[in-house]
There are 2 protein chains.
Amino acid sequence: MTIDQPTVRRGTNLPRVGDFNESVVLDAIRRAPDGLSRVELAAATGLSAQTVSNICRRLLDRGLVVEAGKKGGRVGKPRTVLQVSPGGSFAIGVHLDPAVVTYVVLDLIGGVVHSMRQPTPQVVDQAETLADMSTAVQRLVDESGIPRERILGLGVAVPGPIDPVAGAVVEPPQLAGWERVPLRDQLSLATGWPVVMDKDVIAAAIAERWAGAAVHSGNFLFFYLGTGSGMGVVVNDVVLRGVSGNAGEIGGLDANCTTYALVEEAIERGVLGREKAPVGPGEAERSLLDLVALADAGDSSARSIIDGWARRVGLGVSAAATLVDSELIVFGGPIWPHLGRLFLPVINPIVAASPFVGKMHETAVTGTALGDDVGAVGAACLVLDQTLSARPQSLLLA
Amino acid sequence: MTIDQPTVRRGTNLPRVGDFNESVVLDAIRRAPDGLSRVELAAATGLSAQTVSNICRRLLDRGLVVEAGKKGGRVGKPRTVLQVSPGGSFAIGVHLDPAVVTYVVLDLIGGVVHSMRQPTPQVVDQAETLADMSTAVQRLVDESGIPRERILGLGVAVPGPIDPVAGAVVEPPQLAGWERVPLRDQLSLATGWPVVMDKDVIAAAIAERWAGAAVHSGNFLFFYLGTGSGMGVVVNDVVLRGVSGNAGEIGGLDANCTTYALVEEAIERGVLGREKAPVGPGEAERSLLDLVALADAGDSSARSIIDGWARRVGLGVSAAATLVDSELIVFGGPIWPHLGRLFLPVINPIVAASPFVGKMHETAVTGTALGDDVGAVGAACLVLDQTLSARPQSLLLA
DNA sequence: GATAAGTACATCAGTTTGATTTAGAATGGT
DNA sequence: ACCATTCTAAATCAAACTGATGTACTTATC
C-alpha cells in the first residue's frame with residue numbers, strides 16, 4: 001500500500017503565496033511568548049513592512065489576532081504589540097486509543113477548552129460506531145458553547161500503522177474490528193468539518209511542537225509510551241512521514257518493549273502474579289502500574305525489568321537521535337507520567353555517552369509538558385498545523 | 001556547535017515564485033527519460049499552459065533545454081518535445097577522502113565529463129594546501145575545455161562530522177591536520193565560484209537521487225561504505241541534515257564496523273597476518289580486500305567476519321528504514337563494489353523479515369548505480385541540487 | 001475542416017518601493 | 001512648570017511591478 005507520490009514536484013502561484021505569508025506571520029506571532037509588533041514581524045519574516053501591515057489587517061479582521069498594548073522604545077512611535085486571540089479559532093481532536101477515546105477542543109494557542117472521554121467501543125456495526133462518534137463530537141462542541149463556524153476542523157489520531165489514502169487504520173494490533181473503517185471520510189461526512197488523520201505518535205510530536213516541550217526546537221524526537229510505542233521525528237522543522245505515512249515505527253525495539261511483553265516478562269519471572277495477566281488493552285497498563293509500584297517499593301526484580309526496558313529505549317533513541325541529528329528528545333504518552341522518574345536516570349547517561357552528543361552539540365532529554373491527553377491534543381494540533389502553520393509544502397499546487 | 005536556526009519561518013515573494021517554478025519545470029524535464037512537451041509539463045506541474053510556455057522560452061534562451069523533435073498524436077498539432085541540454089551548464093565536484101582527493105566535472109544530466117585524482121596531501125601549511133587544491137580545480141576546468149561562465153559552482157564532499165557554519169571538517173577521524181581548515185570559504189575565494197560543502201554520505205545520497213539508483217524514489221536510505229560508514233537519508237523528497245548538518249551518523253553500529261575494526265578483528269582471529277595491520281587510510285582498505293578475497297576463496301573464518309558485519313549493517317538499515325518509512329535502500333561507497341555480492345545475500349533476508357516490510361510496502365535493496373566516484377559526483381550534485389532542483393525551501397526569503 | 005498544441009493579450013493578486021501620516025518622547029524657550 | 005516644536009520610529013497610502021491565469025487566437029498536422 002504505497003502512496004502514489006507525484007513523480008515531479010508541483011509549481012506554485014500567487015494565491016498560495018498570500019496564504020503562506022499569512023501563516024508565516026501568524027506562526028511568528030503565536031511563537032513569540034509576548035506577541036510581536038509589525039516591524040518585528042517584518043524583520044523576523046523577511047517580508048516588507050507594508051506586506052506585514054496588510055496581513056495583520058486581515059488577521060485582525062478575522063479575529064485571529066488582537067492588538068495588546070504598546071511597547072515604547074526610547075523615542076519614536078511605540079510599537080503596537082500583536083498577540084493571537086486564543087478564541088479566534090478552535091480545533092477538535094479525537095484520539096482513538098485501544099482502551100479509551102478522548103475528545104478535546106483546542107483553542108489557537110493550544111489550550112484545552114473542553115474535553116471528554118469514552119471507553120473505546122467494539123466495532124460490530126461500522127455505521128453505528130461512526131454515528132456514535134459523530135454524536136460524541138457534536139455533544140462536545142455543544143457543551144463547549146463554541147459556534148460551529150469558529151471551528152477549523154477535526155483531527156483524528158490513531159495507533160499505527162495507518163493507510164493515509166483510505167483514511168483508515170491498518171491491522172491495528174489492539175483495535176480488532178477497526179480495520180477498514182473509513183474513519184476519516186465518514187467523520188467528515190457526518191460532521192461537515194474537514195478531517196485530518198495521522199498516527200498518534202506523529203500527532204503527539206506535533207502537539208509538543210505547538211504547545212509542549214518542543215516549541216523552540218525544530219529538530220527533535222518524540223518517544224511515545226502507550227499501549228504500543230513509537231517515535232515522532234521532526235527534522236529541520238518538518239515532521240517525517242515517509243513513503244506510506246508510517247514513519248516512526250520502531251524496528252526490533254518494539255517487539256519486546258510493548259506493555260504486554262513487559263508484563264508477561266514480569267509474570268514469567270514471578271514478579272507479578274499470574275492473575276495480573278492482561279486480557280484487554282486497559283489491563284496491561286494497570287498491571288504495568290503494579291510493576292512500577294513494586295519497583296518503587298524497592299523490589300529489585302521489578303526494578304531490573306524496568307531498567308532493562310529503559311536501557312533498550314535509551315539505546316534506541318540515542319541511535320535515532322544520532323541518525324537524524326536531533327537536539328532534543330521528548331518522552332510522553334499515557335504511561336510516561338508513571339515511568340519518568342524511573343526512566344530518566346537510566347536514559348540520561350546513555351544519551352550523554354553517545355559518541356556524537358557533546359562532539360557536535362548538546363542533546364537535551366525531557367519529559368512531556370503535556371499530560372495524558374497528548375494524543376487528542378495532538379490530533380487537534382494536526383488541524384492547527386495544517387491550516388495555520390507555515391509549511392513550505394503548502395505552497396505547492398494540489 | 002549548534003547552528004542558529006531561524007526561530008520563525010521566513011516569508012516568500014514573487015521573484016522567488018518565478019525562480020521556483022522555473023526549476024520545477026526544469027526538474028520535470030530532467031527527470032523524464034525522453035523529455036516532455038509543454039502540455040505534459042503543464043499537467044505534471046499543475047501550472048497553466050501559458051506559464052509553462054513562458055518558462056520554456058526562458059530555459060530555451062538560456063540554453064538549458066533544447067527542442068528535440070515532435071511527438072504526434074492521432075490528430076492535432078504534434079507536441080514539441082523538450083529535453084535538457086547536457087552542455088547547458090556544468091558543476092565541479094571535489095571529494096576529500098582520507099586516501100585520495102577526486103575531482104570531477106558534471107554536466108546537467110549528471111554525466112561525468114572529466115575527472116582527476118590526487119593523493120590526499122598532509123596539511124603542513126594551510127595556505128599552501130588550499131592553493132594546491134584550487135590549482136587542481138583550475139587544471140581540471142582547463143582540461144575539460146568548458147568556458148568558466150558555464151560552470152555553476154563547486155561542491156565539496158568531506159567525511160563527517162562537519163561544521164556547516166565554518167565550512168570545515170570537525171575532528172576528522174582520518175584527516176589529521178584538516179581540522180579548522182576553512183575549506184569552503186577559501187576555495188570560493190580562490191576559484192571565484194560559489195562553493196557548497198556537505199558530508200560525503202549526504203552528497204552521495206544526492207548523487208543517487210540525481211543520476212543513480214534513486215532517481216525515481218523520494219524516500220530512500222543510502223548506506224555509504226568507505227573508510228568510515230554513514231547514511232544519507234531522504235524522506236519525502238528532502239535530504240535530512242538535522243540541527244548541525246550531521247544527520248546520517250551511525251550510533252553504536254559505527255564503532256565496531258569501520259574498515260579498521262574489521263581488519264583488526266581478522267588479525268586477532270588469525271585470519272589475516274600481523275603484517276596486514278594498517279598504518280594509513282589506504283592500507284586498511286587493501287587489507288580488507290585481502291579479507292574479501294579469502295572469504296571468496298572459501299575461508300570460513302573470513303566469511304564469518306564479513307557475515308557478522310553484514311548482519312550488523314542489515315539490522316541497522318532495516319531499523320532505520322522502518323523509522324523513516326523508506327521504500328528503497330541503496331548501498332554504495334568505495335568498498336561496496338568488492339563487498340556487494342557477499343553482503344546482499346545476508347542483508348536481503350534481514351530487511352525482508354523486518355516486521356514492517358510487506359505489512360506496509362515493499363522495501364527494495366540495491367547496490368549503487370554509480371561507481372567509486374560517487375562522493376565526487378555527489379559533491380557536484382550538491383551544486384546542481386542547490387541551483388537547479390525545486391526545493392520548496394528555496395522559496396523562502398534569505 | 002477537425003483537433004490539439006502553443007502563444008498573445010488583458011486581467012488579477014500579492015509584494016515592493018517611496019512618500020506620507022501618526023504617536024509618543026525629547027528639547028528648549030518662556 | 002508649561003507648552004509648542006522637533007525628532008524618531010512605526011505604520012499606512014498610493015503607485016508600480018511581477019508573475020500566474022483565463023480567453024481568444026494562431027499554428028501544425030491528420
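From a predicted model like this one, the values you see are computed outputs, not experimental measurements. Proteins come first, then strands; the chains are lettered A, B, ... in the order of their sequence lines, and each starts at number 1.
- Atom CG of B/Leu41 is separated from atom C1' of C/dA4 by 16 Å (rounded to the nearest Å).
- For B/Ser53, the side-chain atoms get nearest to C/dG6 when compared with the rest of D/dT21, C/dG6, D/dA11.
- Atoms SG and CG, from A/Cys56 and A/Leu36 in turn, are 9.5 Å apart once rounded to the nearest 0.5 Å.
- Mapped onto DNA chain C by nearest heavy atom, A/Lys77 and A/Ser48 fall at different nucleotides, with A/Ser48 at the one closer to the 5' end.
- Salt bridge annotation for B/Asp27-B/Arg31: present, with a cationic side-chain nitrogen under 4.0 angstrom from a carboxylate oxygen.
- Between A/Arg209 and A/Asp237, at least one side-chain N (NZ, or NE/NH1/NH2) sits under 4.0 Å from a carboxylate O, which counts as a salt bridge.
- For the pair B/Arg74 and A/Glu67, both in contact range of DNA chain D, the more 5′-proximal nearest nucleotide belongs to A/Glu67.
- A/Leu47 places its CG atom 20 Å from the P atom of C/dA13, with the value rounded to the nearest Å.
- A distance of 12.5 Å separates CG of A/Asn246 from CG of A/Leu240, quoted to the nearest 0.5 Å.
- For the atom pair CG (A/Leu382) and OG1 (A/Thr387), the distance works out to 10.0 Å, reported to the nearest 0.5 Å.
- Across D/dG19, C/dA26, C/dG6, the shortest atom-to-atom separation from the side chain of B/Arg79 is found for C/dG6.
- Remark: P of C/dT16 and CZ of B/Arg16 are 10 Å apart, rounded to the nearest angstrom.
- Taking atom CG of residue B/Leu36 and atom P of nucleotide C/dG6, one finds them 11 Å apart after rounding to whole Å.
- Atom NZ in B/Lys71 sits roughly 11 Å away from atom P in C/dA5 (whole-Å rounding).
- Contact annotation: A/Arg57 side-chain N/O to D/dA11 OP1/OP2 distance is not under 4.0 Å.
- Of the candidate nucleotides C/dA8, D/dA20, C/dG6, D/dA20 has the atom lying nearest to any side-chain atom of A/Leu14.
- A donor-acceptor contact under 3.5 Å is not formed by the side chain of A/Gln50 with the base of D/dA11.
- One finds a side-chain N or O of A/Lys70 lying less than 4.0 angstrom from the OP1 or OP2 phosphate oxygen of C/dG24.
- Relative to the side chain of A/Val75, the nucleotides C/dA26, D/dA20, C/dG6 differ in distance, and C/dA26 lies closest.
- You'll find that the side chain of A/Thr51 is closest to C/dT15, out of C/dT15, C/dG24, C/dA13.
- With C/dG24, C/dG6, D/dG19 as the choices, the nucleotide that has an atom nearest any side-chain atom of B/Pro15 turns out to be D/dG19.
- Here the P atom of nucleotide D/dA20 and the CZ atom of B/Arg58 are 7 Å apart, to the nearest Å.
- Taking atom CG of B/Asn54 as the reference point, atom C1' of C/dT11 lies 14 Å away to the nearest angstrom.
- B/Asn21 has its CG atom 13 Å from the C1' atom of D/dT18, to the nearest Å.
- Between A/Asn13 and D/dT21 there is a side-chain polar atom (N or O) within less than 4.0 angstrom of OP1 or OP2.
- Comparing A/Ala49 and B/Ala49 by the nucleotide of DNA chain C that holds the closest heavy atom to each, the one mapping nearer the 5' end is B/Ala49.
- In this structure, the separation between CG on B/Leu26 and CD1 on B/Ile55 is 10.5 Å, given to the nearest 0.5 Å.
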